[in-house]
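In what follows, a structure is listed as structure tokens, so that the remarks can point back to it.
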Amino acid sequence: MRRSGAGRRGPRERGAWRGAGAPAIQTIDRRQFIGLAGLSALGLWTQPPARASSVQAPSARRWAMVVDPKKCLEIDGCTRCLAACHRAHNVPSVADQRHEVKWIWKERFERAFPSEQNVYTEDSLKGKPVPVLCNHCDNPPCVRVCPTGATWKRDDGIVMMDWHRCIGCRYCMSACPYGSRSFNWDDPRRHMAVPPSNDYPTRTKGVVEKCTFCEERLARGLAPACVEACPDGALVFGDLRDPKSRVREILRARHTIRRRPELGTQPVVYYVI
Amino acid sequence: MNDRPVIIVGLSLFLVVATFPVWYNVTAGTSPRAPDLQRPSPTAVALVRQREGTADGLLAPSCVAPRDQMRASHMTLLARWRDDVVRNADRGYLAYDGHRYDKNLSATCLGCHDDKAKFCDRCHDYAGVKPRCTDCHVAPSK
């Protein structure tokens, strides 16, 4: 009995309770309490604006692209943008169409823009190939569904991929309404037309890949590979937040459409009509 | 009690067999011999530093961290570089000796250590580890 009693209340603990207990409770009177409460309320008032301003710190840019498909058609069967992109990023050319991997490719106009149902207005583009790529949406559905955080939207708007984290579940592929994502059904190195370049990694079997707006080139101050390769300026790349940028200039002057705007994904690849 | 010699012989036989890998390596002299790694050539180092804009490539070549640290924890460094570059677009690395490097496995690491088979592989084979870096990252071909 004695032992269990000592175990429950150690000598130090007992002293603390007995010695300082009763007077310690009454160390604050009403006036002080109200004063402290007021100070705390003041603290609540000042905290949130300070935090908000640090979050809204200048996110410099919002990368975007404007495509002029009619310029694109001036050179018959031009695929220089496709070749430049796929060369720069070691994209395999898989013969089997079900397994093909593509970052930028050509799609017939009415397939790229199924909601453009005007009978005569786009006559000049009907049935014609239009370059399509990842739209780097403001509201990317692929990012929402990725279970591992392997794809996310950067501050500059690029929908980025971390191939180290991709587990190949292909949720993003189901979520993307533009078919911009490809899955590596096979080891991509077995399907390279030329040996892979040292400047960019390949992917492995079981990983999803897509256009990254050439973020590795942007980091070096270069334009995306497709834009650089385009012989007649049909692809224009720039900052949507800068009112003086080339993309904003074109958006002001010309009528542009986006792919499937009704879905609310807010693509930033615009097409001049 | 008459089984004592049998037991002793059996036990010592067991000990000999169980410790076979140890004394075999000791007698063959294989165990303590560390893998023979190819050091980067001064020209390769100079090239990498020239690309990075730190052009004093003629100084004694050094790595992005002291040798002991690289030997023990280069994988941690590479994993951090990977996250910095891919997830935070943070590409520059200021080394302990003041040199700046691009956080880039293919260009920076393999720019100096330009023969993967004689550098990475020798040690990894010795240690029995199989990193999968080059499944994606392209090692410069010799």
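Naming convention: chains lettered A, B, ... in sequence-line order (proteins, then strands); numbering from 1 in each chain.
- Of the two parts of D187(A), neither the backbone nor the side chain holds a non-hydrogen atom closer than 4.5 Å to a non-hydrogen atom of chain B.
- One N or O on the side chain of R189(A) and one on the backbone of D135(B) form a donor-acceptor pair closer than 3.5 Å.
- Test P195(A), P201(A), P196(A) against V138(B) for side chain to side chain contact (heavy atoms under 4.5 Å, CB included) and you get one pass: P196(A).
- Most heavy-atom pairs under 4.5 Å with chain B, from the set T202(A), V207(A), T204(A): that is T202(A).
- Looking at heavy atoms from C-beta onward, M160(A) lies out of side-chain contact with R87(B) at the 4.5 angstrom threshold.
- Using a 4.5 Å cut-off between heavy atoms, R82(B) contacts chain A through its side chain alone, with no backbone atom that close.
- In this structure, CG in N198(A) is found 12.5 Å from NE2 in H137(B), a value given to the nearest 0.5 Å.
- With rounding to the nearest 0.5 Å, the separation of CZ in R91(B) from CD in E215(A) is 4.5 Å.
- Only one option out of R165(A), H164(A), E216(A), M161(A) pairs with V86(B) in a side chain to side chain contact (heavy atoms under 4.5 Å, CB included); it is H164(A).
- In this structure, the portion of S197(A) lying under 4.5 Å from any heavy atom of chain B is its backbone and not its side chain.
- Applying the 6.0 Å contact sphere to NZ of K153(A) captures more than 12 heavy atoms from other residues, nucleotides or ligands.
- Using a 4.5 Å cut-off between heavy atoms, W152(A) contacts chain B through its side chain alone, with no backbone atom that close.
- Around CZ of R252(A), the count of heavy atoms belonging to other residues, nucleotides or ligands within 6.0 Å exceeds 12.
- Of the possible polar contacts, none joining the S106(B) side chain to the D199(A) backbone as a donor-acceptor pair under 3.5 Å is found.
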